[in-house]
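Quick notes on the structure that follows.
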Amino acid sequence: MSAQHPPSAGHTVAETAPLALEVRDLLTRFVTKRVALTAVDGISIAVRRGRIMALVGESGSGKSVTGLSIMGLIDPPGQIAGGEVRVGGQRFDVTDDRQMRRLRGNRLAMIFQDPMMTLNPVLRISRQMTEAITTHHPEVTRAEARARAHSALALVGIPSPRERLDNFPHQLSGGMRQRVAIATALLNNPEVIIADEPTTALDVTIQSQILYEVERVCETHGTAFVWITHDLSVVANLAHDVTVMYAGRIVETGPVRDVLENPLHPYTRGLIDSVPDIDIRKGKLIPIAGMTPQLADLPQGCKFAPRCPLRVPECAAEPPLVTRADGRAVRCVRPLDTEPPR
Amino acid sequence: MTLFIFRRVLQGALVIFMMSLVVFVGIYQIGNPIDILINPEAPPRVRQEVIERLGLDQPLPTQYLRFVLGALQGDLGDSYVYNVPAFSLIAKALPATLELAFAGLLLAIVLGVPLGMWAGYRPEHWSSKAIMGVSILGFSLPTFWVGLMMIVIFSVELRWLPSGGRGETASLFGIHFSFLTWNGLTHLLLPALNLALFKLGLVIRLVRASMQEVLKQDFIRFARAKGLPQRVVVGVHAFRNILLPLTTILGLEFGSLVAFAVVTETIFAWPGMGTLIIKSISVLDRPVIVAYLMMTAFLFVIINLLVDIAYSLLDPRVRLGEEQG
C-alpha cells in the first residue's frame, strides 16, 4: 500500500517529548462462573505528548477492551487483573473508581465509535458539554463553562456553535455529533485522548475533515492520542506510531512508516495485503486465511500460527515480544526481515 | 402544536360520541328499572305514569336523541333514584375518586421509580431480587383481598389507621379534599396504597426493564467517560430516558386506576364515583350509569391528550405536528 505521509507527522513533534500515557502489562479478564477469559494479555504502550499511536487489529483482537481498560470503564464480568497506567508520569490505579473518575474526562478523555449513539438524546448539547467541565471544576460558573464549550465547538470546526449549544443531538448530523464528542473530550484540555474507531461510522469526506481537526489539535495542544482502528489507510495518514494487536497481545509495534513499509510480523503483512488499493492495476487482494480465534479456544504457542503462511515447528512455543535495536518490537520466532534458513 | 390539539379534540369528540352510542344502547338492553323502582303492588295507572314521566315508553332512537340533545346542553338526565341531575351526582363524587386515583398514582411513582431504578441498576443484588419478588405479589394478589387484609391488619388488629370513609376534609377552590387534613390523610393512606399496589408492581417492572436497556447505551458510557459521578450518570442521564416510556404507560394506566377505584372504594367505603356506580347499577339507575361511563370516557380522552403533550416536552425528538395523525 502507498503510505503517503503528511509532511507534518513525525517531524514537528520531538520524539523525546515527555510521555503522556504509559501503560504497563495491562491484563483484562472476563470472569464468569465457569470460565475466565483473558481479553487483554499484558499490553504495554507508551505515547509521548503530541503523538498519535494507532492501535490496530481485527475485530476481537482486544483493541477496544484495551482502550476501555485504560479508562477504567470495564464493566463486570470484565475486570482489570493487573498492570498500571501512568498519565503525565503519575501512576493511577485502574481498579480504583474514585481515582479513575477524577482522571476521566479531565486528564484522560475518550471518544467512541458511533456518533449517533454517543450523545444523550434527551439532553441539550450545552448540558452534555458543560457538565464535563463543572464535574471536575466545580468553581467554574455556568456562563464560563458555556463559553468554554462554545470555543471548543468552534475549535473542531462546527459552524454557528452558539446555536448548536442549544440543539438536541437529533438536530445534528453524524459528523457534527462526532465533532461535538471530540469537542467534549477536549474541554478540560486532556493529556491523552483515546479514540475508539471514531471515524468508522462516517463518510470518507467527513472522516478526512475530522482527521484533519484531530491532527491540528494534536499539534497545537500537544494532546496524545491512542487511535483504535482497523483502517490502515487512516493509520498511514494520521498516526506516528502503530501497535498491532492479535488475540489480546501486541504482535508488533514501531514507527508507522517502518511498520507499514517493512512489516516484521506475518500478521501485520497480512493486514496490509488485505487493504483494497484505489489503483486498480495493483491486482487482487490477499486475505488472511481463517478467522480470529475465540478467546475461549486460543491455540497453544503463537496465537497466529494456525493462520500463518510461514509457520515453522518452533511456533509451537509462544515467542516473547522482543524489542530490537531500532526501537521496533515484534513477537515472532522468525520476523519477516530475517533470512530464511538454508 | 395548535393543529395537533385541534385534531385530537375532534378525535376525542368522535370517541365520546361512539361511546355514548354503545353505552346507551348497551344499558337499555339490561333489565327494566321500573321493576326495581316501583313497588310491584302499585296500581298499573301509577306504573304507567312513572314510565311516561321517565320517557321509557318512547322507542330507543327517540330516547337516544333526547339524551344527546340534553347532553349537548350539559344535561345527562335526572337520576331515577335521587331525582337530581345525574351529572351533579357524578360531579360531586368525582373529586373523591380523582383524589384517590392521584394518591394511588403518586404512591406507585414515588415508591416504584426508585425501587425499579435500583433493581435495574444492580440486578444481581439480593435486594433487587427481593424487590422483583414483591412486585410479582403486587400484581398477582387480588386487589379486594389485599384491601380486606389491610383493614384487618392496620385497622382492626393494630388500630393504626381508620378502615373507611374520607375523614375530615378541607376545602380548596370550593372542592373538598381529604389530603389537606391529618385525619383525612390517615383515611386516604390505606385505600391509596391498596389502589397503588397493582400499579406499583407494573412501575417497578417497567422502570427496571427501561433502566437495564438504557444503561447499555453508548451515551451512558460516554457520560461515564466524562468522569461524571455515578449518581449523575444514573440520576440524570439514565433517568431522563426512562421518563419517556414511564409517561406513556402511566397515562394509560391512570384511566384504569379510576376504573379500578370501584373495587377499592367499595371496600374502604370511599364516597367516590365507584361507590356511586355500584349503587346505581344495583338499582339500574340508568342516567347515573350512563353519566359515569361518559365521564370516564371523557377522562381517558383528556389524559391521553395530556400524555401526548407531556411526551413532546420530555422527548425533543417528538414534534407534535403535521407528521402525527
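Just so it is clear, the model here is predicted, and its values are computed rather than measured. All chains are named by letter (A, B, ...) in the order of the sequence lines, taking the proteins before the strands, and each is independently numbered beginning at 1. Heavy atoms only: backbone and side chains are in, while hydrogens, waters and symmetry mates are out.
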Are more than 12 heavy atoms, taken from residues, nucleotides or ligands other than B:Q230, located less than 6.0 Å from that residue's CD atom? yes
Side chain, backbone, both or neither: which part of A:T134 has a non-hydrogen atom closer than 4.5 Å to chain B? neither
Please examine the side chains of A:R127 and B:V236, heavy atoms only from C-beta on, and report whether any two atoms are closer than 4.5 Å. yes
Closer than 4.0 angstrom, basic N to acidic O: yes or no for B:R224 and A:D75? yes
What residues of residues 114-124 of chain A sit under 4.5 Å from chain B when you count only heavy atoms? A:D114, A:M117, A:T118, A:L119, A:N120, A:P121, A:V122, A:L123
Go through the atoms of A:Q113 and report whether side chain, backbone, both or neither lie under 4.5 Å from a heavy atom of chain B. neither
Qualifying residues under ring pair (Phe, Tyr, Trp, His ring centres under 6.0 Å), relative to A:F112, sequence neighbours excluded: none
Where on A:A181 is there a heavy atom nearer than 4.5 Å to chain B: the side chain, the backbone, both, or neither? both
Are the side chains of B:K226 and A:H136 in contact, using a 4.5 Å heavy-atom criterion? no
Got more than 12 heavy atoms from elsewhere within 6.0 Å of CZ, A:R29? no
Nearest atoms (heavy-atom pairs only) where B:G227 meets A:T135: O-OG1, 3.9 Å
Between B:N241, B:L244, B:I220, the one whose heavy-atom pairs under 4.5 Å with chain A are most numerous: B:N241
Heavy-atom closest pair, residues A:M110 and B:A225: CB-CB, 4.3 Å
In terms of heavy-atom pairs under 4.5 Å, which option from A:M71, A:R102, A:R104, A:Q128 contacts chain B the most? A:R104
Is A:I194 close to chain B through its backbone or its side chain, or both, or neither, when contacts mean heavy atoms under 4.5 Å? neither
Could you check which of B:L243, B:L228, B:V232 has the highest count of heavy-atom pairs closer than 4.5 Å to chain A? B:L228
Just jot down the ring pair (Phe, Tyr, Trp, His ring centres under 6.0 Å) partners of B:F102, sequence neighbours excluded, or say none. B:F254
Nearest heavy atoms of B:R221 and A:L73, plus distance in Å: O-CD1, 4.2 Å
Contacts of type ring pair (Phe, Tyr, Trp, His ring centres under 6.0 Å), residue B:H125, not counting sequence neighbours: B:W118
